[in-house]
Number of protein chains: 2
Amino acid sequence: MKNDRKRTVKSADNLFGVLETVHELDGAGATTVADHLGIAKSTAHDHLSTLVEHEYLIKDGSTYRVGLKCLHFGVQAKNRIELADVARPSLEQMADETGEIAWLMVEEYGKGVYLEKAMGDRAVQPYGELGKRVPLQNIASGKAILAHLPDDRVREIAVTHPPTPRTEKTITDVDELLEELATVRERGYALNDGETFEGFRAVGSPIVSDGTVLGSIAVSGPENRFRGDRFTKEIPEIVTGAANAIELSLASR
Amino acid sequence: MKNDRKRTVKSADNLFGVLETVHELDGAGATTVADHLGIAKSTAHDHLSTLVEHEYLIKDGSTYRVGLKCLHFGVQAKNRIELADVARPSLEQMADETGEIAWLMVEEYGKGVYLEKAMGDRAVQPYGELGKRVPLQNIASGKAILAHLPDDRVREIAVTHPPTPRTEKTITDVDELLEELATVRERGYALNDGETFEGFRAVGSPIVSDGTVLGSIAVSGPENRFRGDRFTKEIPEIVTGAANAIELSLASR
DNA sequence: AGCTGTATTCGGTAGCTCCGAACAACCTTT
DNA sequence: AAAGGTTGTTCGGAGCTACCGAATACAGCT
């Protein structure tokens, strides 16, 4: 009934809950955290103190903030991903050629993680941030990745991480999604037409090696610079070209 | 006697212990972790499972590795530090002018954290990595920071985080350290003459604003390129110049 | 001074953590 | 292919602790 859950350390729920709350709110006090998690103030306080003692949080007056300790963990994980190194020059080239922002994304636990970015000279940044974890289904780079995962995994992800419908264009139906993914697979790139933010578009392409998808790259920008041939031909060509270049560099090592 | 420790969540010791062990060993299994921490295999296993459930670790066959979840936490903490943004151009300029590596460091919990780096065209990287936490006393950037902290705080740090003597030049005596810090304060920059690695030198300068030290910048490289006037005049001038530029940009916002 | 929101302390018990020992899975070795 | 070694994993239970609630201590208002 309720105890089919694995044998885990229960206090970790609260411990990480507190840490993640402080992160989410970008700094918070004991009461705020307690309310946010529905636990007693005193419990929140115990956990906050614990996290300070272990140097994961910093106490700034009476608000707590996340410290830098996690940075090294994340960087280590990122450094292990060969793709991040290899993709860097291609990302910069894409940013240069288009003037927009270029992103590198990988999948982890059914979510997309932004690993690298390169800013073009006209780049605006309305969404996304290094390390941010986002649903895969309603963004170009996410769909590029999903297109190369088995159907049942896609369904699983769609169920466990339903996207918050942000605009009326957000895809919510799984079958509709799978259909679009087939198209993506066929033509080699994915589009985001205002599904995340109104007036915001993107083109993404997967990085595939030995039949498995390692991640994806994408270029995004405002709709007025992403229309007509530029949206359906020029930029897709740049992005798929860059993806191919990355795949080649990966193969030759 | 032993219970003057604050009221904290005890299982966090093991939980973070396990996480940090996996990080330190760059991937490990249950037995390795258990031995490393001196706890029961089963306990290590429970905690590893817990960390996987919370998506902080990734299970790769039978070894566990740190995942990307922490990346966002660290990036948030870093983004909050205005200095990181402001220093970037100056770091790149230093790297260009010297051809070596330029670093930005801040202090947290008595340790130095590498926040940014810029690579010159001859740069070699023998030490340090983004987010890495190192003792402050035996590196140029660390001493630059310490020089602007109150003496008793320096003593406290020296006691709680004694540096592992890596070469015979490593300073271990606190009074000797304080004396050197006075010199640093006076001339405006700190030196590292093979104290961390044999044959490796560095020049560092603090970033001070309103009388408090926010962090430091440094340039490091092999001894054969860091000698004579270049080590005692040229590079110090570049570094202190860059530090001043950063302090000015910080003041005008 | 009073009031209203915070953070923080602390006693006590329901419930969890941790160990040890058994089991399982996977290898080398013979 | 069986034996032996190494690892990961499961599970019962004793002892400790995480959690709540109530009390207390601040801090900033009016």
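A, B, ... follow the sequence lines: proteins, then strands. Residue 1 opens every chain.
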Trainee: Can you confirm whether more than 12 heavy atoms, excluding those of A:Asp210, are under 6.0 Å from its CG atom?
Mentor: no
Trainee: Between B:Lys78 and B:Asp85, does any NZ, NE, NH1 or NH2 come within less than 4.0 Å of an OD or OE carboxylate oxygen?
Mentor: no
Trainee: Is the distance from OP1 or OP2 of C:dT8 to the nearest side-chain N or O of A:Tyr64 less than 4.0 Å?
Mentor: yes
Trainee: About how many Å separate CZ of A:Phe73 and CG of B:Leu71, when rounded to the nearest 0.5 Å?
Mentor: 12.5 Å
Trainee: Heavy atoms only, 4.0 Å cut-off, all strands: where does B:Asp46 land among base, sugar-phosphate and nothing?
Mentor: base
Trainee: In whole angstroms, how far is the C1' atom of C:dA7 from the CG atom of A:Leu51?
Mentor: 17 Å
Trainee: Can you tell me if the side-chain N/O atoms of A:Thr43 get under 4.0 Å from OP1 or OP2 in D:dC20?
Mentor: yes
Trainee: Quick one: is C:dA7 close enough that its OP1 or OP2 comes under 4.0 Å of any side-chain N or O from A:His45?
Mentor: no
Trainee: Measure from NZ on A:Lys41 to P on C:dG5 and round the result to the nearest Å.
Mentor: 11 Å
Trainee: Is there side-chain contact between A:Val134 and A:Thr196, with heavy atoms separated by less than 4.5 Å?
Mentor: no
Trainee: Indicate whether OP1 or OP2 belonging to C:dT17 is found under 4.0 Å from a side-chain N or O atom of A:Ser11.
Mentor: yes
Trainee: Could you please name the option among D:dC19, C:dT17, C:dA7 that lies closest to any side-chain atom of A:Val9?
Mentor: C:dT17
Trainee: Establish whether the base of C:dG15 is bridged to the side chain of A:Lys10 by a donor-acceptor pair shorter than 3.5 Å.
Mentor: no
Trainee: Which angle, to the nearest 10 degrees, lies between the helix axes at the two ends of the helix from C:dA1-D:dT30 to C:dC26-D:dG5, each defined by five pairs?
Mentor: 40°
Trainee: Is any side-chain heavy atom of A:Arg153 closer than 4.5 Å to a side-chain heavy atom of A:Glu107?
Mentor: yes
Trainee: Ignoring backbone atoms, test whether B:Asn14 places a side-chain nitrogen or oxygen under 4.0 Å from the OP1 or OP2 oxygen of C:dT17.
Mentor: no
Trainee: With the side chain of A:Lys59 defined as its heavy atoms from C-beta on, choose the nearest nucleotide among D:dC20, C:dA7, C:dC18.
Mentor: C:dA7
Trainee: Send over the distance from A:Arg7 CZ to C:dC19 P, rounded to a whole Å.
Mentor: 13 Å
Trainee: Tell me the interatomic distance from A:Leu37, atom CG, to D:dA18, atom P, rounded to whole angstroms.
Mentor: 17 Å
Trainee: Let me spell it out: for each of A:Ala12 and B:Ser42, pick the nucleotide of DNA chain D with the closest heavy atom. Which residue's pick is nearer the 5' end?
Mentor: B:Ser42
Trainee: Is it the case that B:Lys132 places NZ or CZ above or below the six-membered ring of B:Tyr114, under 6.0 angstrom from the centre and within 45 degrees of the axis?
Mentor: no
Trainee: Do B:Val33 and B:Tyr64 have side chains that get closer than 4.5 Å, going by heavy atoms?
Mentor: no
